[in-house]
There are 2 protein chains.
Amino acid sequence: MTATARLSLNQITTKRWSLPEAVRGCVDAGIPAIGLWRDKVAETGVAEAAKLVRDAGLAVSTLCRGGFLTAPGPEGGQAALTENLRALEEAAQLGADTLVMVVGGLPDGSRDLPGARARVAELLGELAPHAGDFGVRLAIEPLHPMFCADRAVVSTLGQALDLAELFPAEQVGVVVDSYHVWWDPELAAQIARAGAGGRIASYQVCDWTLPLPSDALLGRGHVGDGHIDFRAMTDQVTVAGYTGWIEVEIFNERIWDTPGEQTLRTMVERHLAHVAAP
Amino acid sequence: MTATARLSLNQITTKRWSLPEAVRGCVDAGIPAIGLWRDKVAETGVAEAAKLVRDAGLAVSTLCRGGFLTAPGPEGGQAALTENLRALEEAAQLGADTLVMVVGGLPDGSRDLPGARARVAELLGELAPHAGDFGVRLAIEPLHPMFCADRAVVSTLGQALDLAELFPAEQVGVVVDSYHVWWDPELAAQIARAGAGGRIASYQVCDWTLPLPSDALLGRGHVGDGHIDFRAMTDQVTVAGYTGWIEVEIFNERIWDTPGEQTLRTMVERHLAHVAAP
(Lines give C-alpha, C1' and ligand atoms only; values in the text may rest on other atoms or scores of the structure.)
Protein backbone atom coordinates (compact mmCIF):
# COMPACT_ATOMS: atom_id res chain seq x y z
CA MET A 1 0.00 0.00 0.00
CA THR A 2 1.40 3.39 -0.95
CA ALA A 3 1.56 6.17 1.61
CA THR A 4 -1.21 8.05 -0.20
CA ALA A 5 -3.47 5.01 -0.60
CA ARG A 6 -6.05 6.42 1.85
CA LEU A 7 -5.77 10.09 0.90
CA SER A 8 -8.80 11.91 -0.46
CA LEU A 9 -9.29 15.45 -1.75
CA ASN A 10 -12.38 17.10 -0.41
CA GLN A 11 -13.41 19.25 -3.31
CA ILE A 12 -13.88 22.42 -1.23
CA THR A 13 -10.10 22.49 -0.75
CA THR A 14 -9.75 23.41 -4.43
CA LYS A 15 -12.87 25.54 -4.54
CA ARG A 16 -11.92 27.36 -7.76
CA TRP A 17 -11.69 24.09 -9.67
CA SER A 18 -14.66 22.61 -11.47
CA LEU A 19 -15.39 18.94 -10.88
CA PRO A 20 -13.59 17.85 -14.08
CA GLU A 21 -10.54 19.91 -13.05
CA ALA A 22 -10.55 18.41 -9.55
CA VAL A 23 -10.82 14.88 -10.95
CA ARG A 24 -7.90 15.50 -13.30
CA GLY A 25 -5.92 17.06 -10.46
CA CYS A 26 -6.38 14.00 -8.26
CA VAL A 27 -5.32 11.65 -11.01
CA ASP A 28 -2.23 13.73 -11.80
CA ALA A 29 -1.27 13.93 -8.11
CA GLY A 30 -1.83 10.25 -7.39
CA ILE A 31 -4.70 10.92 -5.01
CA PRO A 32 -7.10 7.96 -5.23
CA ALA A 33 -10.32 9.45 -3.88
CA ILE A 34 -12.40 12.59 -3.87
CA GLY A 35 -15.06 14.04 -1.57
CA LEU A 36 -17.65 15.71 -3.78
CA TRP A 37 -19.79 18.78 -3.15
CA ARG A 38 -23.33 18.90 -4.39
CA ASP A 39 -23.06 22.36 -5.99
CA LYS A 40 -20.04 21.26 -8.03
CA VAL A 41 -21.76 18.04 -8.99
CA ALA A 42 -24.81 20.02 -10.10
CA GLU A 43 -22.68 22.17 -12.43
CA THR A 44 -21.54 19.03 -14.23
CA GLY A 45 -24.72 17.01 -13.82
CA VAL A 46 -24.97 13.99 -11.55
CA ALA A 47 -24.75 11.30 -14.24
CA GLU A 48 -21.85 12.97 -16.02
CA ALA A 49 -20.05 13.57 -12.68
CA ALA A 50 -20.47 9.92 -11.73
CA LYS A 51 -19.05 8.85 -15.09
CA LEU A 52 -16.12 11.27 -14.89
CA VAL A 53 -15.10 10.06 -11.45
CA ARG A 54 -15.58 6.39 -12.33
CA ASP A 55 -13.71 6.63 -15.62
CA ALA A 56 -10.82 8.33 -13.79
CA GLY A 57 -10.65 5.39 -11.40
CA LEU A 58 -11.33 7.56 -8.34
CA ALA A 59 -13.34 6.49 -5.33
CA VAL A 60 -15.89 8.90 -3.86
CA SER A 61 -15.08 9.23 -0.17
CA THR A 62 -18.04 11.43 0.79
CA LEU A 63 -20.76 13.62 -0.63
CA CYS A 64 -21.02 17.03 1.05
CA ARG A 65 -23.51 17.69 2.26
CA GLY A 66 -26.88 17.03 3.70
CA GLY A 67 -28.37 18.24 6.95
CA PHE A 68 -29.80 21.62 7.94
CA LEU A 69 -32.54 19.89 9.84
CA THR A 70 -33.52 22.62 12.29
CA ALA A 71 -35.96 24.73 10.29
CA PRO A 72 -39.16 25.06 12.34
CA GLY A 73 -42.67 23.90 11.53
CA PRO A 74 -44.05 21.11 9.36
CA GLU A 75 -43.01 22.96 6.17
CA GLY A 76 -39.45 23.43 7.47
CA GLY A 77 -39.24 19.76 8.30
CA GLN A 78 -40.74 18.65 4.99
CA ALA A 79 -38.37 20.85 2.99
CA ALA A 80 -35.39 19.44 4.89
CA LEU A 81 -36.54 15.86 4.31
CA THR A 82 -37.09 16.45 0.60
CA GLU A 83 -33.66 18.02 0.20
CA ASN A 84 -31.91 15.28 2.13
CA LEU A 85 -33.66 12.52 0.21
CA ARG A 86 -32.40 14.17 -2.97
CA ALA A 87 -28.89 14.26 -1.50
CA LEU A 88 -29.09 10.57 -0.58
CA GLU A 89 -30.17 9.70 -4.10
CA GLU A 90 -27.31 11.71 -5.57
CA ALA A 91 -24.84 10.01 -3.23
CA ALA A 92 -26.07 6.62 -4.39
CA GLN A 93 -25.78 7.66 -8.04
CA LEU A 94 -22.25 8.93 -7.45
CA GLY A 95 -21.14 5.76 -5.69
CA ALA A 96 -20.62 7.61 -2.39
CA ASP A 97 -21.44 5.51 0.65
CA THR A 98 -21.30 8.51 3.01
CA LEU A 99 -23.40 11.67 3.11
CA VAL A 100 -21.89 14.29 5.43
CA MET A 101 -24.57 15.91 7.59
CA VAL A 102 -24.15 19.46 8.91
CA VAL A 103 -27.21 19.53 11.10
CA GLY A 104 -28.05 23.24 11.13
CA GLY A 105 -28.01 25.97 13.77
CA LEU A 106 -30.69 27.68 15.83
CA PRO A 107 -33.73 28.75 13.83
CA ASP A 108 -33.91 32.53 13.25
CA GLY A 109 -34.69 34.34 16.47
CA SER A 110 -34.75 31.15 18.55
CA ARG A 111 -32.73 30.59 21.71
CA ASP A 112 -34.11 27.08 22.22
CA LEU A 113 -30.97 24.99 21.86
CA PRO A 114 -32.43 21.81 23.43
CA GLY A 115 -35.40 22.17 21.08
CA ALA A 116 -33.18 22.46 18.01
CA ARG A 117 -31.22 19.42 19.13
CA ALA A 118 -34.40 17.41 19.62
CA ARG A 119 -35.50 18.45 16.14
CA VAL A 120 -32.29 17.04 14.68
CA ALA A 121 -32.92 13.68 16.35
CA GLU A 122 -36.50 13.66 15.08
CA LEU A 123 -35.58 14.29 11.44
CA LEU A 124 -32.66 11.90 11.54
CA GLY A 125 -35.21 9.30 12.59
CA GLU A 126 -37.20 9.98 9.45
CA LEU A 127 -34.14 9.94 7.20
CA ALA A 128 -32.26 6.96 8.60
CA PRO A 129 -34.38 4.17 7.02
CA HIS A 130 -34.17 5.93 3.64
CA ALA A 131 -30.39 6.08 4.01
CA GLY A 132 -30.46 2.34 4.56
CA ASP A 133 -32.55 1.86 1.42
CA PHE A 134 -30.06 3.89 -0.64
CA GLY A 135 -27.06 2.10 0.86
CA VAL A 136 -25.68 5.45 1.94
CA ARG A 137 -24.73 6.31 5.52
CA LEU A 138 -25.70 9.60 7.13
CA ALA A 139 -22.49 10.90 8.76
CA ILE A 140 -23.25 13.39 11.52
CA GLU A 141 -20.52 15.99 11.66
CA PRO A 142 -20.04 17.73 14.99
CA LEU A 143 -18.95 21.26 14.19
CA HIS A 144 -16.72 23.41 16.36
CA PRO A 145 -18.78 25.06 19.13
CA MET A 146 -18.16 28.46 17.56
CA PHE A 147 -20.63 27.37 14.85
CA CYS A 148 -23.33 26.24 17.27
CA ALA A 149 -25.69 29.20 16.77
CA ASP A 150 -25.55 29.48 13.00
CA ARG A 151 -24.49 26.17 11.52
CA ALA A 152 -24.60 23.06 13.69
CA VAL A 153 -26.16 22.48 17.09
CA VAL A 154 -24.18 19.24 17.27
CA SER A 155 -20.92 20.39 18.84
CA THR A 156 -19.03 17.36 20.15
CA LEU A 157 -18.22 13.86 19.00
CA GLY A 158 -19.94 12.46 22.08
CA GLN A 159 -23.14 14.30 21.23
CA ALA A 160 -22.96 13.10 17.62
CA LEU A 161 -22.56 9.53 18.86
CA ASP A 162 -25.51 9.90 21.23
CA LEU A 163 -27.57 10.74 18.16
CA ALA A 164 -26.05 8.16 15.83
CA GLU A 165 -26.50 5.33 18.31
CA LEU A 166 -30.26 5.80 18.15
CA PHE A 167 -30.05 4.13 14.73
CA PRO A 168 -28.34 1.13 13.12
CA ALA A 169 -24.64 1.68 12.47
CA GLU A 170 -25.05 1.09 8.74
CA GLN A 171 -27.56 3.95 8.56
CA VAL A 172 -25.98 6.63 10.76
CA GLY A 173 -22.34 7.29 11.63
CA VAL A 174 -20.19 10.26 12.55
CA VAL A 175 -17.47 12.38 10.99
CA VAL A 176 -14.26 12.95 12.92
CA ASP A 177 -13.04 16.29 11.56
CA SER A 178 -9.82 17.39 13.23
CA TYR A 179 -10.63 21.10 13.03
CA HIS A 180 -13.91 20.76 14.84
CA VAL A 181 -12.96 18.33 17.61
CA TRP A 182 -9.25 18.69 18.36
CA TRP A 183 -9.83 20.76 21.53
CA ASP A 184 -12.24 18.28 23.16
CA PRO A 185 -10.97 16.84 26.46
CA GLU A 186 -13.17 13.79 25.77
CA LEU A 187 -11.82 13.26 22.26
CA ALA A 188 -9.71 10.14 22.79
CA ALA A 189 -12.51 8.40 24.70
CA GLN A 190 -15.14 9.36 22.13
CA ILE A 191 -13.01 8.26 19.17
CA ALA A 192 -12.57 4.88 20.90
CA ARG A 193 -16.32 4.69 21.47
CA ALA A 194 -17.03 5.60 17.85
CA GLY A 195 -14.62 2.97 16.59
CA ALA A 196 -15.95 0.25 18.88
CA GLY A 197 -19.43 0.84 17.55
CA GLY A 198 -18.35 0.94 13.92
CA ARG A 199 -19.56 4.53 13.70
CA ILE A 200 -16.60 6.37 12.14
CA ALA A 201 -17.88 7.14 8.66
CA SER A 202 -15.25 9.71 7.74
CA TYR A 203 -11.98 11.14 9.01
CA GLN A 204 -11.41 14.67 7.74
CA VAL A 205 -8.27 16.67 8.39
CA CYS A 206 -7.13 20.27 8.34
CA ASP A 207 -5.32 22.36 10.92
CA TRP A 208 -6.36 24.95 13.52
CA THR A 209 -4.48 28.14 12.70
CA LEU A 210 -4.59 31.58 14.31
CA PRO A 211 -5.66 34.30 14.15
CA LEU A 212 -9.21 33.42 13.12
CA PRO A 213 -10.13 35.37 9.98
CA SER A 214 -13.03 37.81 9.86
CA ASP A 215 -15.16 35.02 8.42
CA ALA A 216 -14.55 32.34 11.05
CA LEU A 217 -15.55 29.66 8.57
CA LEU A 218 -12.44 30.25 6.51
CA GLY A 219 -9.66 29.92 9.08
CA ARG A 220 -8.52 26.39 8.39
CA GLY A 221 -4.96 25.57 7.44
CA HIS A 222 -3.01 22.81 5.75
CA VAL A 223 -2.16 19.92 8.01
CA GLY A 224 1.02 20.92 9.84
CA ASP A 225 0.44 24.68 9.71
CA GLY A 226 -1.29 24.91 13.08
CA HIS A 227 -1.78 23.56 16.55
CA ILE A 228 -3.22 20.06 16.03
CA ASP A 229 -1.20 16.93 16.80
CA PHE A 230 -2.17 14.85 13.77
CA ARG A 231 0.05 11.94 14.68
CA ALA A 232 -1.77 11.49 17.99
CA MET A 233 -5.26 11.94 16.53
CA THR A 234 -4.59 9.63 13.58
CA ASP A 235 -3.24 7.00 15.97
CA GLN A 236 -6.45 7.22 18.00
CA VAL A 237 -8.60 6.84 14.89
CA THR A 238 -6.47 3.95 13.69
CA VAL A 239 -6.46 2.12 17.02
CA ALA A 240 -10.24 2.56 17.02
CA GLY A 241 -10.30 0.42 13.89
CA TYR A 242 -10.92 2.99 11.18
CA THR A 243 -9.36 1.98 7.87
CA GLY A 244 -11.22 4.34 5.56
CA TRP A 245 -10.38 7.52 3.68
CA ILE A 246 -8.46 10.41 5.16
CA GLU A 247 -10.02 13.42 3.52
CA VAL A 248 -8.41 16.85 3.39
CA GLU A 249 -11.07 19.54 3.69
CA ILE A 250 -9.84 23.13 3.92
CA PHE A 251 -11.90 26.32 3.93
CA ASN A 252 -9.40 29.12 3.40
CA GLU A 253 -9.49 31.98 0.88
CA ARG A 254 -5.70 32.11 0.56
CA ILE A 255 -5.50 28.39 -0.20
CA TRP A 256 -8.43 28.71 -2.60
CA ASP A 257 -6.46 31.42 -4.44
CA THR A 258 -3.45 29.10 -4.78
CA PRO A 259 -3.21 27.06 -8.02
CA GLY A 260 -4.88 23.71 -7.39
CA GLU A 261 -1.86 21.68 -8.48
CA GLN A 262 0.23 23.38 -5.83
CA THR A 263 -2.43 22.82 -3.16
CA LEU A 264 -2.49 19.11 -4.00
CA ARG A 265 1.31 18.90 -3.82
CA THR A 266 1.24 20.50 -0.37
CA MET A 267 -1.58 18.19 0.65
CA VAL A 268 0.41 15.09 -0.31
CA GLU A 269 3.58 16.36 1.40
CA ARG A 270 1.75 17.12 4.62
CA HIS A 271 -0.05 13.79 4.54
CA LEU A 272 3.27 12.00 4.35
CA ALA A 273 4.85 14.15 7.06
CA HIS A 274 2.05 14.27 9.62
CA VAL A 275 -0.66 11.71 8.93
CA ALA A 276 0.40 8.62 6.98
CA ALA A 277 1.82 5.76 9.01
CA PRO A 278 5.60 6.30 9.27
CA MET B 1 -34.08 42.01 48.07
CA THR B 2 -34.07 44.33 45.06
CA ALA B 3 -33.87 42.91 41.56
CA THR B 4 -30.30 44.16 41.18
CA ALA B 5 -29.14 42.88 44.57
CA ARG B 6 -26.87 40.23 42.98
CA LEU B 7 -25.70 42.26 39.99
CA SER B 8 -22.01 43.02 39.55
CA LEU B 9 -20.11 45.06 36.98
CA ASN B 10 -17.03 43.33 35.71
CA GLN B 11 -14.72 46.22 35.12
CA ILE B 12 -13.71 45.14 31.60
CA THR B 13 -17.27 45.97 30.48
CA THR B 14 -16.44 49.66 30.97
CA LYS B 15 -12.87 49.36 29.82
CA ARG B 16 -12.38 53.09 29.18
CA TRP B 17 -13.24 53.92 32.80
CA SER B 18 -10.59 54.11 35.49
CA LEU B 19 -11.28 52.27 38.71
CA PRO B 20 -12.56 55.43 40.49
CA GLU B 21 -14.90 56.10 37.56
CA ALA B 22 -16.20 52.51 37.59
CA VAL B 23 -16.79 52.65 41.35
CA ARG B 24 -18.73 55.91 41.02
CA GLY B 25 -20.66 54.47 38.06
CA CYS B 26 -21.76 51.44 40.08
CA VAL B 27 -22.89 53.57 43.01
CA ASP B 28 -24.86 55.90 40.72
CA ALA B 29 -26.51 52.97 38.93
CA GLY B 30 -27.37 51.07 42.09
CA ILE B 31 -25.07 48.17 41.25
CA PRO B 32 -23.81 46.72 44.53
CA ALA B 33 -20.65 44.86 43.41
CA ILE B 34 -17.70 45.10 41.07
CA GLY B 35 -15.34 42.58 39.51
CA LEU B 36 -11.90 44.20 39.42
CA TRP B 37 -9.05 43.83 36.93
CA ARG B 38 -5.49 43.82 38.10
CA ASP B 39 -4.26 46.34 35.54
CA LYS B 40 -6.90 48.86 36.60
CA VAL B 41 -6.17 48.19 40.26
CA ALA B 42 -2.47 48.77 39.60
CA GLU B 43 -3.18 52.19 38.06
CA THR B 44 -4.85 53.27 41.30
CA GLY B 45 -2.70 51.26 43.69
CA VAL B 46 -3.98 48.24 45.59
CA ALA B 47 -4.47 49.92 48.98
CA GLU B 48 -6.16 52.98 47.48
CA ALA B 49 -8.35 50.77 45.29
CA ALA B 50 -9.40 48.68 48.29
CA LYS B 51 -10.30 51.85 50.20
CA LEU B 52 -12.22 53.36 47.29
CA VAL B 53 -14.34 50.26 46.84
CA ARG B 54 -14.91 49.79 50.55
CA ASP B 55 -15.81 53.43 51.16
CA ALA B 56 -18.29 53.26 48.29
CA GLY B 57 -19.99 50.30 49.97
CA LEU B 58 -19.34 47.98 47.03
CA ALA B 59 -18.53 44.30 47.30
CA VAL B 60 -15.73 42.84 45.17
CA SER B 61 -17.21 39.90 43.29
CA THR B 62 -13.99 38.70 41.64
CA LEU B 63 -10.46 39.72 40.83
CA CYS B 64 -9.48 39.14 37.20
CA ARG B 65 -7.24 37.43 36.72
CA GLY B 66 -4.71 34.82 37.52
CA GLY B 67 -3.74 31.77 35.54
CA PHE B 68 -1.49 31.40 32.47
CA LEU B 69 0.03 28.29 33.93
CA THR B 70 1.26 26.57 30.77
CA ALA B 71 4.65 28.18 30.20
CA PRO B 72 7.20 25.39 29.85
CA GLY B 73 10.21 24.61 32.00
CA PRO B 74 11.05 25.29 35.64
CA GLU B 75 11.44 29.03 34.94
CA GLY B 76 8.04 29.18 33.23
CA GLY B 77 6.44 27.41 36.15
CA GLN B 78 8.21 29.56 38.74
CA ALA B 79 7.23 32.78 36.98
CA ALA B 80 3.60 31.64 36.85
CA LEU B 81 3.61 30.74 40.55
CA THR B 82 5.15 34.07 41.53
CA GLU B 83 2.63 36.02 39.51
CA ASN B 84 -0.33 34.04 40.85
CA LEU B 85 0.80 34.38 44.43
CA ARG B 86 0.91 38.14 43.88
CA ALA B 87 -2.61 38.00 42.44
CA LEU B 88 -3.85 36.02 45.44
CA GLU B 89 -2.34 38.57 47.79
CA GLU B 90 -3.97 41.43 45.90
CA ALA B 91 -7.32 39.64 45.99
CA ALA B 92 -7.05 39.28 49.74
CA GLN B 93 -6.13 42.96 50.14
CA LEU B 94 -9.07 43.97 47.97
CA GLY B 95 -11.55 41.83 49.86
CA ALA B 96 -12.17 39.60 46.85
CA ASP B 97 -12.81 35.97 47.76
CA THR B 98 -12.49 34.78 44.16
CA LEU B 99 -9.53 34.93 41.76
CA VAL B 100 -10.59 34.12 38.19
CA MET B 101 -8.10 31.76 36.51
CA VAL B 102 -7.61 31.76 32.74
CA VAL B 103 -5.27 28.82 32.56
CA GLY B 104 -3.30 29.60 29.39
CA GLY B 105 -3.04 28.04 25.94
CA LEU B 106 -0.50 25.82 24.24
CA PRO B 107 3.10 26.93 24.74
CA ASP B 108 4.64 28.50 21.62
CA GLY B 109 5.23 25.89 18.95
CA SER B 110 3.75 23.07 21.04
CA ARG B 111 1.00 20.71 19.88
CA ASP B 112 0.97 18.77 23.15
CA LEU B 113 -2.50 19.52 24.44
CA PRO B 114 -2.56 16.70 27.02
CA GLY B 115 0.82 17.93 28.27
CA ALA B 116 -0.43 21.50 28.67
CA ARG B 117 -3.48 20.26 30.53
CA ALA B 118 -1.35 18.17 32.87
CA ARG B 119 0.80 21.23 33.51
CA VAL B 120 -2.27 23.19 34.58
CA ALA B 121 -3.19 20.49 37.11
CA GLU B 122 0.37 20.44 38.42
CA LEU B 123 0.59 24.21 39.03
CA LEU B 124 -2.92 24.36 40.48
CA GLY B 125 -1.66 21.80 42.99
CA GLU B 126 1.09 24.18 44.03
CA LEU B 127 -1.21 27.19 44.23
CA ALA B 128 -4.25 25.68 45.95
CA PRO B 129 -2.86 25.59 49.51
CA HIS B 130 -1.70 29.20 49.17
CA ALA B 131 -5.19 30.16 48.03
CA GLY B 132 -6.49 28.53 51.18
CA ASP B 133 -4.02 30.54 53.28
CA PHE B 134 -5.15 33.79 51.67
CA GLY B 135 -8.84 32.90 52.05
CA VAL B 136 -9.24 33.38 48.29
CA ARG B 137 -10.65 30.74 45.97
CA LEU B 138 -9.05 29.94 42.61
CA ALA B 139 -11.91 29.93 40.11
CA ILE B 140 -11.03 27.93 37.00
CA GLU B 141 -12.72 29.47 33.98
CA PRO B 142 -13.32 27.15 31.06
CA LEU B 143 -12.98 29.28 27.95
CA HIS B 144 -14.81 28.70 24.69
CA PRO B 145 -13.02 26.02 22.64
CA MET B 146 -12.10 28.64 20.03
CA PHE B 147 -9.58 29.94 22.59
CA CYS B 148 -8.03 26.53 23.30
CA ALA B 149 -4.78 27.07 21.39
CA ASP B 150 -3.96 30.58 22.53
CA ARG B 151 -5.68 31.30 25.81
CA ALA B 152 -7.09 28.39 27.82
CA VAL B 153 -6.63 24.66 27.39
CA VAL B 154 -9.56 24.19 29.78
CA SER B 155 -12.54 24.19 27.42
CA THR B 156 -15.56 22.75 29.19
CA LEU B 157 -17.19 23.03 32.59
CA GLY B 158 -16.80 19.28 33.07
CA GLN B 159 -13.07 19.52 32.47
CA ALA B 160 -12.79 22.48 34.88
CA LEU B 161 -14.61 20.44 37.52
CA ASP B 162 -12.35 17.45 36.95
CA LEU B 163 -9.48 19.77 37.85
CA ALA B 164 -11.18 21.60 40.69
CA GLU B 165 -12.27 18.39 42.39
CA LEU B 166 -8.64 17.43 42.89
CA PHE B 167 -8.59 20.08 45.64
CA PRO B 168 -10.78 21.20 48.54
CA ALA B 169 -13.85 23.18 47.46
CA GLU B 170 -12.82 26.22 49.49
CA GLN B 171 -9.54 26.40 47.57
CA VAL B 172 -10.59 25.72 43.97
CA GLY B 173 -13.91 26.34 42.22
CA VAL B 174 -15.10 27.10 38.71
CA VAL B 175 -16.54 30.02 36.78
CA VAL B 176 -19.73 29.52 34.80
CA ASP B 177 -19.44 32.13 32.05
CA SER B 178 -22.39 32.02 29.70
CA TYR B 179 -20.40 33.03 26.63
CA HIS B 180 -17.92 30.21 27.00
CA VAL B 181 -20.22 27.32 27.92
CA TRP B 182 -23.67 27.97 26.45
CA TRP B 183 -23.17 25.55 23.52
CA ASP B 184 -22.16 22.57 25.70
CA PRO B 185 -24.57 19.61 25.44
CA GLU B 186 -23.39 18.59 28.95
CA LEU B 187 -24.00 22.04 30.43
CA ALA B 188 -27.07 21.34 32.55
CA ALA B 189 -25.53 18.20 34.03
CA GLN B 190 -22.22 19.91 34.74
CA ILE B 191 -23.85 22.94 36.36
CA ALA B 192 -25.76 20.55 38.62
CA ARG B 193 -22.52 18.74 39.44
CA ALA B 194 -20.75 22.03 40.16
CA GLY B 195 -23.54 23.16 42.45
CA ALA B 196 -23.74 19.87 44.32
CA GLY B 197 -20.04 20.09 45.07
CA GLY B 198 -20.17 23.74 46.12
CA ARG B 199 -17.84 24.60 43.26
CA ILE B 200 -19.57 27.51 41.53
CA ALA B 201 -17.35 30.44 42.46
CA SER B 202 -18.71 32.89 39.90
CA TYR B 203 -21.52 33.25 37.38
CA GLN B 204 -20.60 35.62 34.58
CA VAL B 205 -22.95 36.66 31.82
CA CYS B 206 -22.78 38.16 28.35
CA ASP B 207 -24.35 37.03 25.09
CA TRP B 208 -23.14 35.13 22.02
CA THR B 209 -23.61 37.42 19.03
CA LEU B 210 -22.74 36.93 15.37
CA PRO B 211 -20.82 37.54 13.25
CA LEU B 212 -17.64 37.03 15.22
CA PRO B 213 -15.43 40.13 14.88
CA SER B 214 -11.94 39.99 13.39
CA ASP B 215 -10.59 39.75 16.94
CA ALA B 216 -12.65 36.81 18.19
CA LEU B 217 -12.05 37.91 21.78
CA LEU B 218 -14.23 40.97 21.30
CA GLY B 219 -17.45 39.48 20.00
CA ARG B 220 -19.52 39.44 23.17
CA GLY B 221 -22.83 41.22 23.44
CA HIS B 222 -25.13 42.58 26.11
CA VAL B 223 -27.39 39.97 27.65
CA GLY B 224 -30.38 39.68 25.34
CA ASP B 225 -28.57 40.71 22.14
CA GLY B 226 -27.70 37.20 21.06
CA HIS B 227 -28.48 33.50 21.07
CA ILE B 228 -28.20 32.48 24.72
CA ASP B 229 -31.25 31.52 26.77
CA PHE B 230 -30.37 33.31 30.03
CA ARG B 231 -33.58 32.36 31.77
CA ALA B 232 -32.80 28.67 31.34
CA MET B 233 -29.14 28.96 32.29
CA THR B 234 -29.83 31.14 35.33
CA ASP B 235 -32.49 28.68 36.47
CA GLN B 236 -29.93 25.87 36.25
CA VAL B 237 -27.38 27.83 38.25
CA THR B 238 -30.02 28.76 40.82
CA VAL B 239 -31.38 25.24 41.18
CA ALA B 240 -27.78 24.11 41.65
CA GLY B 241 -27.73 26.27 44.77
CA TYR B 242 -25.68 29.25 43.64
CA THR B 243 -26.69 32.44 45.45
CA GLY B 244 -23.67 34.60 44.63
CA TRP B 245 -22.97 37.50 42.30
CA ILE B 246 -24.10 37.65 38.70
CA GLU B 247 -21.32 39.51 36.98
CA VAL B 248 -21.62 41.16 33.58
CA GLU B 249 -18.37 40.80 31.67
CA ILE B 250 -18.36 42.05 28.08
CA PHE B 251 -15.43 42.30 25.69
CA ASN B 252 -16.67 44.43 22.80
CA GLU B 253 -15.07 47.51 21.20
CA ARG B 254 -18.42 49.07 20.36
CA ILE B 255 -19.66 48.73 23.92
CA TRP B 256 -16.32 50.02 25.21
CA ASP B 257 -16.81 53.12 23.03
CA THR B 258 -20.26 53.74 24.56
CA PRO B 259 -20.42 56.12 27.56
CA GLY B 260 -20.13 54.03 30.71
CA GLU B 261 -23.32 55.39 32.26
CA GLN B 262 -25.27 54.21 29.24
CA THR B 263 -23.63 50.78 29.35
CA LEU B 264 -24.62 50.39 33.00
CA ARG B 265 -28.20 51.43 32.26
CA THR B 266 -28.39 48.79 29.53
CA MET B 267 -26.81 46.25 31.86
CA VAL B 268 -29.44 46.86 34.55
CA GLU B 269 -32.32 46.75 32.04
CA ARG B 270 -31.11 43.48 30.55
CA HIS B 271 -30.55 41.98 33.98
CA LEU B 272 -34.15 42.73 34.90
CA ALA B 273 -35.50 41.45 31.58
CA HIS B 274 -33.48 38.26 31.14
CA VAL B 275 -31.68 37.22 34.32
CA ALA B 276 -33.23 38.42 37.59
CA ALA B 277 -35.95 36.22 39.06
CA PRO B 278 -39.30 37.42 37.61
Side-chain angles (χ1 to χ4, degrees), chain A residues 105-117 120 142-163 179-188 207-217 219 224-233 236 274, chain B residues 105-117 120 142-163 179-188 207-217 219 224-233 236 274:
Chain A
L106 288 169
D108 279 352
S110 169
R111 296 182 178 121
D112 182 9
L113 189 51
R117 286 167 169 169
V120 169
L143 256 54
H144 193 283
M146 72 182 170
F147 301 119
C148 184
D150 56 342
R151 208 168 293 268
V153 295
V154 173
S155 308
T156 65
L157 189 55
Q159 186 193 6
L161 286 165
D162 287 345
L163 282 167
Y179 188 81
H180 296 303
V181 301
W182 75 279
W183 57 271
D184 187 350
E186 299 294 321
L187 184 61
D207 216 334
W208 179 268
T209 58
L210 290 174
L212 294 175
S214 57
D215 181 345
L217 192 64
D225 280 346
H227 299 279
I228 298 176
D229 183 345
F230 283 97
R231 190 65 70 196
M233 196 183 299
Q236 288 164 8
H274 298 276
Chain B
L106 289 169
D108 279 352
S110 169
R111 295 182 178 120
D112 182 9
L113 189 52
R117 286 167 168 169
V120 169
L143 255 54
H144 193 284
M146 71 182 172
F147 300 119
C148 183
D150 56 342
R151 209 168 291 268
V153 295
V154 173
S155 307
T156 65
L157 188 55
Q159 185 194 4
L161 286 166
D162 287 347
L163 282 167
Y179 187 82
H180 296 302
V181 301
W182 76 278
W183 58 271
D184 187 350
E186 300 294 323
L187 184 62
D207 215 337
W208 179 269
T209 58
L210 290 174
L212 294 176
S214 57
D215 181 346
L217 191 63
D225 280 346
H227 299 278
I228 298 176
D229 183 346
F230 283 97
R231 191 65 69 196
M233 197 184 296
Q236 289 164 8
H274 298 276

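Quick note on labels: first sequence line is chain A, next is B, and so on, each numbered from 1.
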query: R111(A) side chain to G226(B) main-chain N or O, any donor-acceptor pair under 3.5 Å?
result: yes

message: Do E186(B) and E186(A) make a side-chain contact, defined as non-hydrogen atoms from C-beta onward lying under 4.5 Å apart?
response: no

Under 4.5 Å from any heavy atom of chain B - which part of [X]:
X       : result
H144(A) : side chain
P211(A) : neither
D184(A) : backbone

Distance-minimising heavy-atom pair for W183(B) and L113(A): CA-CD2, 4.1 Å

Largest heavy-atom contact set with chain B, pairs under 4.5 Å, which of W182(A), F230(A), W208(A): W182(A)

message: My understanding is that only residues two or more places apart in sequence, or in another chain, count here; which of them pass side-chain hydrogen bond (donor to acceptor under 3.5 Å, both in side chains) with D162(A)?
response: R193(A)

task: Heavy-atom distances under 4.5 Å only: say whether R231(B) touches chain A with side chain, backbone, both or neither.
output: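 It is neither, since no heavy atom gets under 4.5 Å.
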
- prompt: Of the backbone (N, CA, C, O) and the side chain (C-beta and beyond), which part of I228(B) lies under 4.5 Å from a heavy atom of chain A, both, or neither?
  reply: backbone

Can I get a per-line list of side-chain donor-acceptor pairs under 3.5 Å for residues 145-161 of chain A, giving both atom names and the distance, sequence neighbours left out?
{"residue": "T156(A)", "atom": "OG1", "partner": "Q159(A)", "partner atom": "N", "Å": "3.1"}
{"residue": "Q159(A)", "atom": "OE1", "partner": "S155(A)", "partner atom": "N", "Å": "2.7"}
{"residue": "Q159(A)", "atom": "NE2", "partner": "V153(A)", "partner atom": "O", "Å": "3.0"}

